[in-house]
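All chains are named by letter (A, B, ...) in the order of the sequence lines, taking the proteins before the strands, and each is independently numbered beginning at 1.
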4 protein chains.
Amino acid sequence: MGIQTRQIRDRERRRQQIIAASKRVFTSKGVSRTTIKDIADEAELSPGTLYIYFKNKDELYASLSIRMLKHLQLSLQRVKETKDLSDDQRIDSVKKALLELYEIDPLMLINLSHLQASETLDNISPELYEQILDLSRRSLQTLSEIFAKGIELGSFLKRNPMQLALVLWAMFSGLVLWEESKRSLDTRKDFLKPTLEIAFEIFGRGVKPGEPVSTPAPVRAHFS
Amino acid sequence: MGIQTRQIRDRERRRQQIIAASKRVFTSKGVSRTTIKDIADEAELSPGTLYIYFKNKDELYASLSIRMLKHLQLSLQRVKETKDLSDDQRIDSVKKALLELYEIDPLMLINLSHLQASETLDNISPELYEQILDLSRRSLQTLSEIFAKGIELGSFLKRNPMQLALVLWAMFSGLVLWEESKRSLDTRKDFLKPTLEIAFEIFGRGVKPGEPVSTPAPVRAHFS
Amino acid sequence: MGIQTRQIRDRERRRQQIIAASKRVFTSKGVSRTTIKDIADEAELSPGTLYIYFKNKDELYASLSIRMLKHLQLSLQRVKETKDLSDDQRIDSVKKALLELYEIDPLMLINLSHLQASETLDNISPELYEQILDLSRRSLQTLSEIFAKGIELGSFLKRNPMQLALVLWAMFSGLVLWEESKRSLDTRKDFLKPTLEIAFEIFGRGVKPGEPVSTPAPVRAHFS
Amino acid sequence: MGIQTRQIRDRERRRQQIIAASKRVFTSKGVSRTTIKDIADEAELSPGTLYIYFKNKDELYASLSIRMLKHLQLSLQRVKETKDLSDDQRIDSVKKALLELYEIDPLMLINLSHLQASETLDNISPELYEQILDLSRRSLQTLSEIFAKGIELGSFLKRNPMQLALVLWAMFSGLVLWEESKRSLDTRKDFLKPTLEIAFEIFGRGVKPGEPVSTPAPVRAHFS
DNA sequence: GATGAATGAGCGTTCATTCAT
DNA sequence: AATGAATGAACGCTCATTCAT
């Protein structure tokens, strides 16, 4: 391994060090109350150093999401390309992909959701902005394609697949964001994971075509 | 009506004047880019005056949600108390209540969602904090009770009703927050309302008990 | 005098207070080493207050020159419009106008010269920039018109009058700037005023038409 | 040539390399907007290396003027020492020396003027400071001696020769500084050189003794 | 109660300078 | 000698909040 290789590796290591520190501080202080100095202190670096690795505060913040979006995109792509899955299995795989995302790094996921839902994408460099946009688009697109295939096969409701994708994502990120504020609202701890399970169950059931058996028809039959 | 009564009414009127101005400014400039001075200008008052009616910026910000939460709580209460509704009709009423919330003031709803999902509830006065907490809790509680009744009647899946309530709220607020960022992600405009419709359709279908008739053939065989 | 009048007067007074403090600090620390905090301290105000009266540092700096430029423009205009002055008297009036400028506020004049000679006109508001530009242009223009009239009357050398104006101004501001650095170069103090006198004398003599009688006269006499 | 000699020569070569790079960057970005990193990049060196050859930024900046001042001093010395020049020719030689200075490196001359007129001579090493001081003094001194000789011979006005020297230098540097800002004031381009010509013409005429023949009639009457 | 000028802590960011390699 | 990552003091500037009028 040459000198250059080591330098590149060191550089990447430093970036990760800063990113790790950012996560910790964002977690403990909240994103908007975190200052560059806080992160620098946590990373045991000087404020100036952060600007060697990140153009500005927004860009550092946005960088946190890139990895996660890449991971998501890859997972969904894999789900889409796997052959011989039943519809139930495919939905289940999507659920697993998203739950995994949450388990790997719940705080990052909250950041990602915030990023999408808020006004941070402002001072960001065009390149990074485009990258985030593209990754978001592609994940949704892949999810949408999974639904499109299911619809073709008659195993999903005939609805705009992109809208189905959005509904699923909204359900997921809505719950994740809720989790963040649950302390304030003193719901029990670790309510999230079981609730996500239920959310997916309901979505899975709801997206299947055909009249659910719940409705009176059979019941009346019973009485007749 | 005594002098005191009028003073109280005047005071409340002023508060509403400020709240209305805040909404307009938040709408046009975005929440995080709005300063106290902006709001004061819009309300044709001085910054100092705002501090007579609101303890600080966070408290003003939080007040915006109070009305909406009250409205929501009332609507849900009404849905819960209405007699002689089929399950489908009851879910439909909840849908209507939430859609109405969105239609009355989409931006305020985004604010509300932000408020819950983020870091504003910090400098707030204990009283206001308790009020928001209580209203949120009560809305969810009411929603949860609606589901509990349905579960009792066997018309909803036997799941923790609070979790069902959370799933529905997450789906709703997740989509609303998405709406805010959709311009960046170049989804078509006014994608939200039809998507909300689909979201409710899926939730409604998914929450019903019984094996969905996804694979029609055997099911029919069963009935024949 | 109404309340409004007093407020306007107070506001102007505050501006002058800041300007006066700026001058003092610029003088003692040098322009580029003066910080907003320095000026605020000197004016016994807080840094924030300066930004109520001046958009930014550059604008405060530029404002220092406006008055002086206005004064200059007025003086030159008066010189130009005065009737029945001999050429010598007119040049003398210009000299007096410039010397007066120096005597009223030598430091301000140095600032003005710096402003023109350097890179400060950068963050300035377009309006202020245009004002400075316009005032500079008009002063030079007036000076140039004075020369043009003299040339027409045959009492000045037939040279581009704008160039004559520039030469005079350069001589003047060059000496003023020199003055600032004279401490470093340990020339005697108060060398400037007598040197300015000589400068004007030489300019006045040099700008007159006709072969100076210095050497030629006797020589030609010799040949006749 | 010994090793030491070569080392010294190499060292000097490196210095010149840095100086040359500085000039290029100052030219393209303007002095105040140039950072050490800019210069290092242009010189294809690292910032640290610059500090091996120059004590600090001010010292590097000041070094730029040394060459020019040396050149000026030499030229003026030559003018002074040349025998058998008429007064007109001697003034003309001074003019040529200064114009040459401008033509060799107009931007460096602006720097020099700035340096003298402003606040850079501060963090400079005592040695360098003394050197600049000495060179400036000597150039002015030489110029002054040229005038002194002319005065003795009766071909120049009997004025303090150092003041005459200052007036000439002020005129020159005033015009050079003006050039820098002329774009803003939309004077025609390349106005400088012809204006410098006129400046010298006027100075040359003005510095000659005797009553100028400005108002021909009475003067001739006098001689008849 | 209403004002709005004044405050000043605190922010993100820059960049001359240092120093371990 | 050369490097360039790291430093951290210092900057200009903002804005929620206060308080004399």
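Distance CD (B:E59) to P (F:dA16): 15 Å, rounded to an integer number of Å. The CG-P distance, from B:L45 to F:dA16, rounds to 16 Å in whole Å. C:L50 places its CG atom 17 Å from the P atom of F:dC15, with the value rounded to the nearest Å. If you take CZ of C:R9 and P of E:dA5, they are 16 Å apart, rounded to a whole angstrom. Rounded to whole angstrom, the span from the NZ atom of C:K29 across to the C1' atom of F:dA10 amounts to 11 Å. Remark: C1' of F:dC13 and OH of C:Y61 are 20 Å apart, rounded to the nearest angstrom. In this structure, the OH atom of C:Y53 is 12 Å from the C1' atom of E:dT7, given to the nearest Å. One can place CD1 of C:I39 at 11 Å from C1' of F:dG12, the figure rounded to the nearest angstrom.
Residue A:F54 is classed as having no contact, given no heavy-atom separation below 4.0 Å to the nucleic acid.
More than 12 heavy atoms of other residues, nucleotides or ligands lie within 6.0 Å of NZ in D:K55, so this atom counts as buried by the packing criterion. Other residues, nucleotides and ligands contribute only 12 or fewer heavy atoms inside 6.0 Å of the CZ atom of C:R67. The neighbour count for C:R15 CZ, taken as heavy atoms of other residues, nucleotides or ligands under 6.0 Å away, is above 12.
Neither OP1 nor OP2 of E:dG1 sits under 4.0 Å from any side-chain N or O of B:R14. Residue C:S46 has no polar side-chain atom (N or O) positioned under 4.0 Å from OP1 or OP2 of E:dG8.
When C:L50, C:I36, C:I39 are each tested for a side-chain contact (heavy atoms from CB on, under 4.5 Å) with C:S22, only one passes: C:I39. Paired with C:K29 under the rule side-chain hydrogen bond (donor to acceptor under 3.5 Å, both in side chains), one option of C:D38, C:T35, C:T34 passes, and it is C:D38.
Side chains of C:Q131 and C:E127: no donor on one and acceptor on the other come within 3.5 Å.
With respect to the salt-bridge test (charged N to carboxylate O, under 4.0 angstrom), the residues B:R14 and B:D10 do not qualify.
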Would you sketch DNA chain F in dot-bracket for me? Only Watson-Crick or G-U wobble pairs with both distances under 3.5 Å count, crossing pairs as [ ], other-strand pairs as |, the rest as dots.
-> .||||||||||||||||||||
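Two residues are said to be in side-chain contact when any heavy atoms from C-beta on lie closer than 4.5 Å; D:T5 and D:I8 fail this criterion. Contact of the B:R11 side chain with the B:Q7 side chain is not registered, since no non-hydrogen atoms from C-beta on lie closer than 4.5 Å.
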Just by protein heavy atoms under 4.0 Å, how would nucleotides 13-21 of chain E read 5' to 3' in B, S and -?
-> BBBSBB---
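Ranked by how close their nearest DNA chain E nucleotide is to the 5' end, A:D38 and C:I52 are led by C:I52.
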